[in-house]
Amino acid sequence: MITTETLQHLAETHGTPLFVIDHDEIRSNYATFKNNLPRVQAYYAVKANPDPEIVKTLFEAGASFDISSIAEFETVFENIKDLSEQEQHDWIWKNIIYANPIKAEDTLRTLNKYKPLVTFDNREEISKIKECAPDAGVVLRLRVSNAGAMVELSSKFGAAHDEALELIFEAIDAGLHMEGLSFHVGSQTTNFENYMQAINMAALIFKEVAERGYDKMNLLDIGGGFPAPYDESVKPFSELAKRINNELDRLFPNGVDIVAEPGRFIAATAGTAVSKIIGKAVRHGKLCYYINDGVYHTFSGVIFDHCQYHFDAFKTGPTQICTVFGPTCDGLDVISMTEELPSDLARGDLLTSKNIGAYSNATSTYFNGFPPATIVHVNR
Ligand SMILES: *Cc1c(COP(=O)(O)O)cnc(C)c1O
């Protein structure tokens, strides 16, 4: 935990808007994930927060990585660039999954020399992989229930249960190395049933594939979606982990490697934004604070991630429900319309926002000439 004093000191030293990343928290979330899911190898989903220092901390902690672009591959590769070529190849095979089911041809061609592990979910992708990355290992992404997730992914990706067998054997017949199955239950999934249903569907498909005579599938990737503790309504991770462990032990007793792709769970609680009040007005009878960070910047998750962030003021005093606006001229730049904040905050006062480490600075822009917040790493 970063103290209020530390945040205040960092803001004085570096100015605002500030985005503070606590590496102790990154390490602690990774350890919590590993300790609660001992059978599961964690591939950090780099897109949640691609900061190279986060990737480095996780690399040093022994994590593997889920990447979805060449730029993300290069961020991870930076950590193994001094290894021999053979060691690089071995490390990549064991520790990287390219989990974007739709890949550009040149991406596949660039990755092919590393014999990458890649996902697919449709027929077109099989012929593309065969043509551009014939040495890849392939994993079929299933379409599973995303009910109750904050961010749903099932309308864009995933093969339905009744298409799965056909696609698996088409990939095998095309000469691809068919390694296993993956799914994603939707990001910030607080409905734990999604995981149970998806694991059960995957087990059925493993069985059907074995019955048809193919016994080389040995990987189950249970994806991301593990919820960050944004508020008290999110049940403890240990509860979800216990249910996943029970289901894995029941349905995948041995022989199958289990991996996961946590993004938000690792990064969310490690980020804190510190912003400054730059303007104050009363509109339609409501107090409005204008701050120097907004939805085009660190608070981009309000738009892209459907995430609601809350503020704490350093000052105390009688409060009221306020609106907090970002600094740009766009009417979309509204961070929150229902923040309970002290009424007498003044220009120059600071606000902090916790649990903003995932899908935040990752999607920040330079819109309207306002640059992204300065990033500061603590406990690196
Ligand atoms: C975004 C994504 C993740 C990470 O999801 P979280 O909900 O942040 O854990 C994992 N796998 C894939 C394929 C993704 O697209």
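Atoms within each ligand, like the ligands themselves, are counted from 1 in listed order.
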Test side chain to side chain contact (heavy atoms under 4.5 Å, CB included) applied to Ser187 and Arg264, step by step: CA-CA 8 Å; Ser187 200; Arg264 183 187 305 279; 3.0 Å; yes
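Of the inter-residue distances, the one linking Cys288 atom SG with Ile277 atom CD1 reads 12.0 Å to the nearest 0.5 angstrom.
Between Glu193 and Arg243 a salt bridge is recorded (basic side-chain N to carboxylate O distance below 4.0 Å).
In summary, the side chains of Asp231 and Ser233 do present a donor paired with an acceptor at a separation below 3.5 Å, with no hydrogens or angles considered.
Proximity of a side-chain donor or acceptor of Glu163 to a complementary backbone N or O of Ala160 within less than 3.5 Å is detected.
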Result block: side-chain N/O donor-acceptor pairs under 3.5 angstrom for residues 216-226, not counting sequence neighbours:
| from | atom 1 | to | atom 2 | distance (Å) |
| --- | --- | --- | --- | --- |
| Asp221 | OD1 | Gly223 | N | 2.8 |

Check ligand 1 against the protein and report each N/O to N/O distance under 3.5 Å, formatted as atom name, atom name, distance.
| from | atom 1 | to | atom 2 | distance (Å) |
| --- | --- | --- | --- | --- |
| ligand 1 | 5 (O) | His184 | NE2 | 3.0 |
| ligand 1 | 7 (O) | Ser187 | OG | 2.4 |
| ligand 1 | 7 (O) | Gly225 | N | 3.0 |
| ligand 1 | 8 (O) | Arg264 | N | 2.8 |
| ligand 1 | 8 (O) | Tyr359 | OH | 2.6 |
| ligand 1 | 9 (O) | Gly225 | N | 2.9 |
| ligand 1 | 9 (O) | Gly263 | N | 2.9 |
| ligand 1 | 11 (N) | Asp66 | OD2 | 3.1 |
| ligand 1 | 11 (N) | Glu261 | OE1 | 2.5 |
| ligand 1 | 15 (O) | Lys47 | NZ | 2.8 |

